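Just so we're on the same page: letters track the sequence lines, and every chain starts at 1. For the numbers below, each heavy atom of this structure counts, side chains included, while hydrogens, waters and symmetry mates do not. All values derive from a computational prediction rather than experimental measurement.
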There are 2 protein chains.
Amino acid sequence: MSGTRLQSHPASAAEVARLAGVSRSAVSRTFIEGASVSAETRARVLAAAEALNYHVNHLARGISKQDSRPVCLIGATLDAPFHARMLDRLTQALQRARRMVMVINTGGADGPGAGVHQALEHALSYRAVATVVLSGTPPADLVAACVAAGQRMILLNRADPLPGICHIRVDDAPAMRDAVSMLLRAGVRRCALVTSASGTPALAQRAAHFRREAEAAGLSLRVWQGGPTAYATGQRAARELLAGADRPEGIFCVTDLLAFGVIDAARHEFRMEIPRDLSVIGFDDVAQASWGAYDLTTFAHPFDAIAEEILLRIGSTELPEAPILLPPTLCWRGTVRPEG
Amino acid sequence: MSGTRLQSHPASAAEVARLAGVSRSAVSRTFIEGASVSAETRARVLAAAEALNYHVNHLARGISKQDSRPVCLIGATLDAPFHARMLDRLTQALQRARRMVMVINTGGADGPGAGVHQALEHALSYRAVATVVLSGTPPADLVAACVAAGQRMILLNRADPLPGICHIRVDDAPAMRDAVSMLLRAGVRRCALVTSASGTPALAQRAAHFRREAEAAGLSLRVWQGGPTAYATGQRAARELLAGADRPEGIFCVTDLLAFGVIDAARHEFRMEIPRDLSVIGFDDVAQASWGAYDLTTFAHPFDAIAEEILLRIGSTELPEAPILLPPTLCWRGTVRPEG
DNA sequence: CTGAAAGCGCTTACAG
DNA sequence: CTGAAAGCGCTTACAG
């Protein structure tokens, strides 16, 4: 990439061939790994390409070659810490594999349904090799239509398996057992569960697991559910849970973001000290969880493992039937009392 | 998008034409806005398309039509709150304009130089209509090479204008005047400036503006610079600035992320109260700035205005010569003492 | 309004 | 190893 030549239109392979005095095919071969070209023609082609500032048009190549087709990432609220982290890891992994990645943000659409519908249509239109749904819950019939149209689909953290689709999920049952036993050891008797009303299957399932474990352990449990998966929702939850008598002594939030809201409201609006007056546990281990202001005890979402798994599946021709379960890992920090 | 038909290969327009009993061109016309097709053929084509689960192949269309070519977004550390926010707003805006957006994460590359180089080559290869560089500082000669290859480029927050390129920048000179006068009113005499060593031109310029204003106002100023633009860097800065005698009474951080680190270290490691013992000002107004734990006084980066501006420039044939300056707006919150 | 034909920029058997 | 030719899936003058 050198050159000062100004061009209105980018150079095509035909022009390169002409300048190098070789055939159109020779130019193609020069830029295909392992194709048979003599060292000499190759050199001449490369020189001509350099002179004309030529780059293979991957858009055109993608028509016939599978592997220069894009991977499509669909998600919303891309600036939420969890999504941002997933996106960062995924784009990095795909970049390493020299994949083009196209991102579709379904957040700005008129209705939630409209967004996903448009997004999937978009993915189909650009003949993505695979479509990864990072968040949200695409209706089952839409997903089925995509599969029918020959689209390879990978869904993240969706609870109920759909036929013909790759599922990658976090295995949170064991983590929920850990969460409950941490609370027990902290001397918690009355606890609460905070979750959003977003209806994401993964969160619903996580909540169900926690609930089951808490009940099995004989904890008294209040379930608070409402709003989007956001900081402000956590604040609201804390305001309602901590207002009355019989305050919970421990709160599990299905997401770090909710936990931050809970902690801040507890501290600044109720003058509580954490973990002395209240133990809090989150989930995801987003960057802020390790910040001094929170120092949140949580479970690390296996971001990198998920990214690797996706990379693996994109290349392979057939997708596994059973959901792929990846374990989160406990991050012990300072928001749960160490011992009774 | 209905259908249960399983296909190995997605349907092509030729197949649709055959099924509908019309010419190949008729199918194309049906899917092009404003092309002339009779209502009847149109209906037949649509029916056939539905039956075969056909979607126009935008990859192929992009070869000849400008407007189905992608917009390329280049950035690193996409999970940093500032980048995540910009990415969210930008993808949303581009989505609304029905643009395909490809994202290139230069973070994972071997060397910092290697990443940007690869990214730009990638953008060229996919014949992006425009390439937006969100962060980082691509070497001037690389950028020149892209322009030479016919690539339209938009750079964000880069200080020195390069020829033939669209620059969008935040106009932080007035904001820095505001920052200094806020500190003065808070009774601050000894102040500090915290910035990273990342060498981003925008940050360097912002720091220079603050410095000039602070000196003009007769404030005593210590400049701390080091590390990446990250939370931990802010912590380090606070540790060094607050350790000795003659502690600063006010700190301006060129970025919210740095400010969070400063605040947490000041509170939890030095037992200081904010704003009583220390006034802190940030820049960007990232989501966390309004969280209860920080309640940070800062300047809102004009994310939406930038996104709109970019959208505008992508469509237009010629880019403006002069940099586009967008003003940040003050967010008065709780980390600066109200009055002397 | 419609279809046959040439074009976009690429790849890939096929002969030599 | 090489080039002429057919193919990928699309669009777009050009006649009718």
Side-chain angles (χ1 to χ4, degrees), chain A residues 7-46 48-49 52-70 100 124-129 149-150, chain B residues 7-46 48-49 52-70 100 124-129 149-150:
Chain A
Q7 329 173 260
S8 49
H9 237 53
S12 77
E15 303 177 54
V16 175
R18 211 172 304 134
L19 180 61
V22 298
S23 76
R24 186 50 261 273
S25 330
V27 177
S28 267
R29 291 195 186 102
T30 302
F31 294 103
I32 292 175
E33 280 241 337
S36 64
V37 234
S38 69
E40 201 209 311
T41 37
R42 179 189 187 77
R44 274 169 52 197
V45 167
L46 287 177
L52 294 175
N53 221 324
Y54 169 74
H55 293 259
V56 177
N57 185 337
H58 276 69
L59 238 40
R61 180 180 271 183
I63 294 179
S64 28
K65 283 191 85 128
Q66 276 274 343
D67 52 315
S68 48
R69 279 160 42 182
M100 171 192 194
L124 248 32
S125 295
Y126 280 97
R127 299 290 187 271
V129 269
Chain B
Q7 330 172 259
S8 48
H9 238 52
S12 78
E15 302 177 54
V16 175
R18 210 172 304 134
L19 180 61
V22 298
S23 75
R24 187 50 260 276
S25 331
V27 178
S28 266
R29 291 195 186 102
T30 301
F31 294 103
I32 292 176
E33 281 241 336
S36 65
V37 233
S38 69
E40 202 208 310
T41 36
R42 180 189 185 76
R44 274 166 54 193
V45 168
L46 287 177
L52 295 175
N53 221 325
Y54 170 73
H55 293 258
V56 177
N57 185 336
H58 275 68
L59 238 40
R61 179 180 271 181
I63 294 179
S64 28
K65 284 190 86 126
Q66 275 271 344
D67 52 314
S68 48
R69 279 159 43 181
M100 172 192 194
L124 249 33
S125 295
Y126 280 97
R127 298 292 187 268
V129 268

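Distances shorter than 4.0 Å separate some side-chain N or O of B:Tyr54 from OP1 or OP2 on D:dC10. Residue A:Ser28 places at least one side-chain N or O closer than 4.0 Å to OP1 or OP2 of C:dT11. When the side-chain nitrogen and oxygen atoms of B:Thr41 are compared with OP1 and OP2 of C:dT2, one or more of them lie within a distance under 4.0 Å. Note on B:Ser36: a side-chain N or O is less than 4.0 Å away from OP1 or OP2 of C:dC1. Dashed line: the shortest gap from a side-chain N or O of B:Ser23 to OP1 or OP2 of C:dG3 is under 4.0 Å.
The nearest pair of heavy atoms linking A:Leu52 to A:Leu19 is CG-CD2, 3.9 Å. The minimum heavy-atom distance linking A:Ser68 with A:His58 is given by the pair CB-CD2, 3.7 Å.
By the salt bridge (charged side-chain N to carboxylate O under 4.0 Å, His left out) test, A:Arg42 pairs with no residue at all, sequence neighbours left out.
The base of D:dG3 is paired with the side chain of A:Arg29 by a donor and an acceptor separated by under 3.5 Å.
Closest to the side chain of B:Ser38, from the set D:dC10, C:dC1, D:dT12, is C:dC1. The side chain of A:Ser12 sits closest to C:dC10 out of C:dC10, D:dT2, C:dT11. Closest to the B:Arg61 side chain, of the nucleotides D:dC10, D:dT12, C:dC10, is D:dC10.
Using a 4.0 Å heavy-atom criterion, one finds that A:Ser25 contacts the bases of the nucleic acid, with or without backbone contacts as well.
When each of A:Ile32 and B:Val37 is assigned the nucleotide of DNA chain C with its nearest heavy atom, B:Val37 is the one assigned upstream, toward the 5' end. Nearest-nucleotide positions on DNA chain D for A:Glu40 and B:Val56 put A:Glu40 closer to the 5' end.
The nucleotide C:dC1 finds its pairing partner in D:dG16, both defining distances of the Watson-Crick or G-U wobble pair being shorter than 3.5 Å.
One interatomic measurement links the two molecules: CG of A:Asp67 to P of C:dC10, which rounds to 16 Å at whole-angstrom precision. Rounded to an integer number of Å, the gap from A:His58 NE2 to D:dC8 C1' is 16 Å.
Using a 4.5 Å cut-off on side-chain heavy atoms (C-beta onward), B:Arg61 and B:Ile32 make contact. With a 4.5 Å cut-off on side-chain heavy atoms, B:Val45 and B:Val16 count as touching.
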